[in-house]
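A note on names: the letters A, B, ... follow the listed sequences, proteins ahead of strands, and every chain is numbered from 1.
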Amino acid sequence: MDESPAIAAVCIDQPLPQLDRLFDYLVPEGMDVRPGCRVRVRFGRRKVAGFVIAVKPSTDFAGKLLWISDLVSPQPVVTEEIAVLARAVADRYAGTMSDVLRLAVPERRVRVEAEAPAEVLPVAAPSSDHWKRYIAGEAFLRALHDTKSPRAVWTAVPGEDWPARFAEAAAATAAAGRGAVLVVPDQTDLDRLDAALEAVLGPDRHVVLSAQAGPTKRYRAFLKAARGDVRIVAGTRAAAFAPVPNLGLVAIWDDGDGSHVDRHAPYPHAREVLLTRAGLAKAACLVGAHARTPQAQLLVETRWAVSMTAPRGEIRSATPRIVPVGDESDLERDPSGGTARLPTVAWEAARAALAKDRPVLVQVPRRGYVPAVSCQRCRTRAACPNCSGPLRLLGPRRDPVCGWCGTVARDFRCAECGSNRVRAVVIGAERTVEELAQAFPDTPVVESTGVNRLESAPAGAAVVVATPGVEPAAAEGYGAVLLLDTWALLTRAELTASEEALRRWMNAVALARPDGTAVVVADGGLAVVQALMRWDPAWFAARELEERTELGFPPVMKFAALTGPNGEPEKLATDLPHDLGAEPIGPIPVDEHTERLLLRVRRRDGAALAATLAKATAERANAKADPVRVQIDPREIA
DNA sequence: AGCACGCCGACT
DNA sequence: GTCGGCGTGCTC
């Protein structure tokens, strides 16, 4: 009889790049160590936590193995699929597997593990009727049900009940015995998706995975997925790693939303995690949104996925009338149209909707009262006399207040011309509410911004002033949607300014009734406004992608940002192998001691760049060199 | 990260 | 003779 103990390959919970590999340990006789479970092991002098990634009969390690110190729990929490995924995501982002697993596996809650597993409930095949509006939509659902793995970039028409469509896709997948992972940007979208899943699947067929619910509920949902008690997981970005057995479908809604980027190292984007996962697990993939990102468009153009859109006629009948209005002189407009805040066309659209007892949505880019002011006379930005921060107004006839240090600038003097008067640069949601309340005295005017987000629009005639991303849905749709101060979105310096503007506008206009009106206060000659008017985000994304390709920007070119003490990022860059062809851009100073250098390579060299940077980082850490932080797909250029 | 090993200057 | 500087390398 063979008495030799089993060997466990353990991923140590340590973020150090030079320790980003598996370490073998002996499994003590009788210890119930399974792949994916949590253990504690001696590592160097200390005892550390780790995940057992594999259990095997032998080791390649020539030295003397230590025994696993403790089995934390026999409950497997890292499935083989997730282990492979975590490794792939770490490699893609030049990060460590343990960092990725920290995102993927929620904190343990002992009592939750003791709960009895539930019975897996069957899921009936859903109706695919609503998918018929889209070219190849029904075929997509049928393919899911036939356990094939179709991949689609889906452009939803305005008013589309996308949570229901996601639920149907998940149901078609689960009815065929496979699992689905659905990722949405935020809790509000998740609540909607949760309700749609409940309606389509029936109770207890899915779980919701988000940090919002708190660690106990989160771990319970996670374990239900890991144990196969449910086949369908819906959640926010970290749910992209949900351990669903026999994965058949991954789906992401509105992949352009910045919330999909994790804020912990190595900062993976949920879309990239899911695409990687779909590739590894040979699962189907659905990238859905009203708008379309250049990254999604690239999936279409490389034929990795098909473009799933509605026919023109279907789009026309679902889309409100969209009218552009040139933004001539926003703050000095003739107020005879009702309000200085609204151009006449916008005001009339609002009035017509209210007359029909329908709500009106007004999107403004900034919250607050007057979030930025400048000198009345010379228009120089008004800066805090104390810290040079931006001054803002918190209410009518109030002194300017600094947005950074809170200093009240009671005796404001322009640094350039000495004038003591200020004028608004941007008008915030709060002041917009104030002005519209005067313009529509018999109508409730409410605000939905940031933390004070409104769950749903009031029924009947009402004006809702909202900032992008927190527009409440209206039961029957808005009679009018007004997009104000669009210049504030369009003049941002970010590479993604137009794309982001279109995404925000489309998400707002999608809340309008098909017989309603949307007014965009912007130059109708701009491509981004044209894309909105024609409801053709694919056209705009293709254009955007082409432009970025010409300029050598992402996603066709791959970027990494190196941040570290002056000189070090450059040193690291020059030490890279020349055949990688990494082109340095910069460096630019971050502060007195720190600089940031961008590296650019061809897309197909992205993996090699990440691998090389990970190796270089590990070597530097070993040599105790000053740390240089590496970030793949940095936000400032993504 | 910690912590060992290791090879050269000034101290009990 | 030896205490200790921190360079180099390893951690199953």
Using whole Å, report how far [atom1] of [X] lies from [atom2] of [N].
X	N	atom1	atom2	result
A:I12	C:dT11	CD1	P	12 Å
A:R42	B:dA4	CZ	C1'	14 Å
A:L65	C:dC12	CG	P	9 Å
A:D13	C:dC12	CG	C1'	16 Å
A:E619	C:dG9	CD	P	11 Å
A:Q14	C:dT11	CD	C1'	10 Å
A:K624	B:dC3	NZ	P	12 Å
A:F51	C:dC12	CZ	C1'	18 Å

Determine the contact category for [X]: base if any of its heavy atoms lies under 4.0 Å from a base atom, sugar-phosphate if only primed atoms, P, OP1 or OP2 are that close, otherwise nothing.
X	answer
A:K64	sugar-phosphate
A:Q18	base
A:Y25	sugar-phosphate
A:L19	base
A:L16	base

Problem - Under 3.5 Å donor-acceptor, A:T496 side chain and A:E499 backbone - result: no

Handout entry: Selection from B:dG2, B:dC3, C:dT11 that lies nearest to any side-chain heavy atom of A:R45
Key =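 Shortest atom-to-atom distance from the side chain points to B:dC3.
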
Exercise for the section: Please state whether the rings of A:F559 and A:F553 are parallel, tilted or perpendicular, taking 30° and 60° as the class boundaries. Expected result: tilted

Which atom names give the shortest non-hydrogen contact between [X] and [Y], and what distance separates them?
X	Y	answer
A:R42	A:L66	O-CD1, 3.7 Å
A:A239	A:G235	CB-CA, 3.6 Å
A:R392	A:A372	CB-N, 4.4 Å

Exercise for the section: Give a yes/no answer on whether the side chain of A:R21 brings an N or O atom under 4.0 Å of OP1 or OP2 in C:dC12. Expected result: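 For C:dC12, neither OP1 nor OP2 has a side-chain N or O of A:R21 closer than 4.0 Å.
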
Problem - Centroid distance under 5.5 Å and plane angle under 30°, A:F23 vs C:dC12 - result: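 So A:F23 does not count as stacking on the base.
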
